[in-house]
Amino acid sequence: MAKKESTPSFLEKLQTKWKLKSLWQVVIVLLVFALTGFTILFIKKPIFDLLGVNMESGGFWKTILYLLLVLPLYQVVLLFWGFLLGQFDFFWEKEKQIFRRIFGRRKKD
């Protein structure tokens, strides 16, 4: 019988893509993302209440305010959780990549 080659698992694919050293590190990185999402979920409402913004109904300006406040806050909280769980370097490199994509110079032809 010929040995069947196994395909890499989802976590192994992430490990390769993110260039992480172990599957355990992949799990920790995923945990950081989950904790960041839950943290933003819980602090978003008090922040908007403090600013007197009712986010229950939509609207163009509320969406803009959400994007201007919550997205940068998400990045900060991501670094915070990454630091607490020993993955700061990984997330700091990802943040630098994001900033380069947003604010980086375009190559001239």
Who are the side chain to side chain contact (heavy atoms under 4.5 Å, CB included) partners of [X], not counting sequence neighbours?
X: I102; answer: I98
X: K96; answer: W92, E93, R100
X: L41; answer: F38
X: P46; answer: none

Open item on the list: When you group the ILVMFWY residues by side-chain heavy-atom contacts below 4.5 Å and let the links chain together, are V76 and L78 in the same group?
Closed with: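 Shared cluster, no.
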
query: Is there a path from F91 to L71 through hydrophobic residues (I, L, V, M, F, W, Y) whose side chains come within less than 4.5 Å of each other?
result: yes

Considering all heavy atoms, the nearest L79-E95 contact
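Residues L79 and E95, closest heavy atoms: CD2-CG, 3.8 Å.
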
- Task: Tell me, please, which residues at least two apart from K13 pass side chain to side chain donor-acceptor pair (under 3.5 Å).
- Result: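 K13: no side chain to side chain donor-acceptor pair (under 3.5 Å) contacts found.
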
Just how far is it from atom [atom1] of [X] to atom [atom2] of [Y], taken to the nearest 0.5 Å?
X: F83; Y: D89; atom1: CZ; atom2: CG; answer: 10.5 Å
X: I47; Y: L50; atom1: CD1; atom2: CG; answer: 8.5 Å
X: F80; Y: L73; atom1: CZ; atom2: CG; answer: 11.5 Å
X: Q15; Y: L23; atom1: CD; atom2: CG; answer: 4.5 Å

Between L69 and L51, does a side chain to side chain contact (heavy atoms under 4.5 Å, CB included) hold up when you go through it step by step?
CA-CA 11 Å; L69 290 176; L51 295 173; 3.4 Å; yes

Notebook entry, point to check: Within a strict 4.5 Å, meaning less than it, do heavy atoms of the F90 and K19 side chains meet?
Noted result: no

Acceptor/donor pairs from residues 24-36 side chains to any protein atom, 3.5 angstrom cut, sequence neighbours excluded:
residue, atom, partner, partner atom, Å
Q25, OE1, K21, N, 2.9
Q25, NE2, Q87, OE1, 2.9
T36, OG1, V32, O, 2.8

query: So, the side chain of Q97 versus the backbone of K94: is there a donor-acceptor pair under 3.5 Å, distance only?
result: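 Between the backbone of K94 and the side chain of Q97 there is no qualifying donor-acceptor contact (under 3.5 Å).
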
Margin query: Taking side-chain hydrogen bond (donor to acceptor under 3.5 Å, both in side chains) as the cut-off, I'd like each qualifying pair that reaches into residues 67-86, sequence neighbours left out, listed once.
Written below: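 Found T39-W81.
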
